[in-house]
Amino acid sequence: MALPVGVLLLLLFASGYAFWRLRAHHDALQTRIAAEVEDSTRFATTIALVKSLEARQDTIRQKIGIIRDVDQRRYVWPHVLDEISGALPAYTWLTQIGATVAKDTADVLPGFSIQGNAGSTLALTRFMKNLEASPFIRDVTLVTAEQVETDGRTTQKFTLEARYQIPDSSAIQTVPILPAMH
């Protein structure tokens, strides 16, 4: 009878040890789960903050893009007027320069019209060629031209249309605002 009692005690001891080990393992897992939940909560807050910052960064990029677009077009009209004045030959004078509405809505670069008088057809032709030679102007088109008599002289009254174009960066000359210091 000592043997079955010994086996029973051994089984009871083994069961107790297994229960104790399972309980210790369970407690360790519970501690680890609690730590993981705490990390997950902390990381969830960090992830939400990162997503918020990324959304703000996208908004800032979009705003910078708009500012760059506006800044890029800031000097369009000064360039156009400078190119027109540089292309104007002798015996030609202008009476009006104005913006035109784009026929193609995909073309965001501005168009303009020029009205004026030229002393001869040659002066008008030279003016148009000079405009076309400009890196800032394209699509110069003669809309109307008629000979008119003014103060006993015959002149060419004309209307031109053209479009602004963004030139190659090599065509843009920069001038320092301040002289170089030596």
Side-chain angles (χ1 to χ4, degrees), residues 43-182:
F43 288 139
T45 305
T46 304
I47 288 170
L49 178 62
V50 167
K51 285 183 179 179
S52 169
L53 291 174
E54 285 174 347
R56 288 176 64 194
Q57 184 180 23
D58 290 343
T59 303
I60 290 170
R61 278 192 185 127
Q62 185 180 28
K63 288 179 179 180
I64 287 173
I66 291 170
I67 290 169
R68 282 187 178 144
D69 189 41
V70 168
D71 186 52
Q72 185 178 11
R73 292 191 223 164
R74 179 172 46 169
Y75 296 112
V76 167
W77 290 110
H79 280 304
V80 167
L81 294 174
D82 188 45
E83 294 299 312
I84 291 171
S85 69
L88 201 61
Y91 306 109
T92 306
W93 61 98
L94 305 180
T95 57
Q96 184 176 355
I97 300 173
T100 59
V101 179
K103 296 171 185 126
D104 181 12
T105 56
D107 194 0
V108 295
L109 297 175
F112 55 94
S113 66
I114 303 170
Q115 294 179 7
N117 296 303
S120 67
T121 306
L122 181 62
L124 176 56
T125 305
R126 184 174 311 238
F127 182 47
M128 290 177 64
K129 284 185 179 184
N130 290 348
L131 287 173
E132 275 290 340
S134 167
F136 293 93
I137 298 174
R138 66 178 166 97
D139 301 335
V140 177
T141 307
L142 180 62
V143 177
T144 62
E146 63 178 296
Q147 284 190 341
V148 293
E149 185 89 21
T150 307
D151 297 328
R153 296 186 181 176
T154 303
T155 60
Q156 290 286 324
K157 183 176 181 179
F158 64 87
T159 302
L160 301 175
E161 285 189 353
R163 302 210 56 72
Y164 174 77
Q165 73 178 356
I166 298 172
D168 183 356
S169 61
S170 64
I172 299 175
Q173 296 177 354
T174 57
V175 178
I177 296 175
L178 299 173
M181 302 296 264
H182 295 290

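Computed from a predicted model, the values in this text were never measured in an experiment.
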Show the nearest heavy-atom pair for residues Ala123 and Thr92, with the distance to one decimal. CB-OG1, 3.5 Å
Do Leu94 and Phe127 come close enough that some side-chain heavy atom pair is under 4.5 Å? yes
Please report the shortest heavy-atom distance between Tyr164 and Phe112, naming the atom on each side. N-CE2, 4.0 Å
In Å, rounded to the nearest 0.5 Å, how long is the span from OG1 of Thr141 to CD of Glu132? 7.5 Å
Using a 6.0 Å cut-off, check whether atom CD of Gln57 has over 12 heavy atoms from anything other than its own residue. yes
Flag side-chain contact, heavy atom, 4.5 Å: Gln62 against Asp58: no
Measure the CE-CD1 distance between Met128 and Ile137 for me, rounded to the nearest 0.5 Å. 12.0 Å
Note, Gln165 side chain near Ser134 side chain (heavy atom, < 4.5 Å): no
Using 0.5 Å steps for rounding, measure from the CZ atom of Arg61 to the CD1 atom of Ile66. 14.5 Å
Check whether any side-chain heavy atom of Ile97 sits under 4.5 Å from a side-chain heavy atom of Val80, and report yes or no. no
Does the Ser52 side chain pair with the main chain of Ala48, one donor and one acceptor, at a distance under 3.5 Å? no
Heavy-atom pair with the smallest gap, counting every atom of Arg163 and Gly111: NH1-CA, 3.3 Å
Would you mind reporting whether Thr95 and Asn117 have side-chain heavy atoms less than 4.5 Å apart? yes
Tell me, do Gln156 and Gln147 make a side-chain contact under 4.5 Å, heavy atoms counted? yes
Close side-chain approach of Pro110 and Val76, heavy atoms under 4.5 Å: yes
As an exercise, state the distance from CG of Leu49 to CD of Glu54, rounded to the nearest 0.5 Å. 10.0 Å
Please work out whether the ring planes of Phe136 and His79 are parallel, tilted or perpendicular, with thresholds of 30° and 60°. parallel
Note: Leu124 and Ala118 closest approach over all heavy atoms is N-CB, 3.9 Å
Looking at every heavy atom in both Asn130 and Ala87, which two are closest together, and how far apart are they? ND2-O, 2.9 Å
Candidates Ile114, Thr144, Thr121 - the one meeting side chain to side chain contact (heavy atoms under 4.5 Å, CB included) with Phe158: Ile114
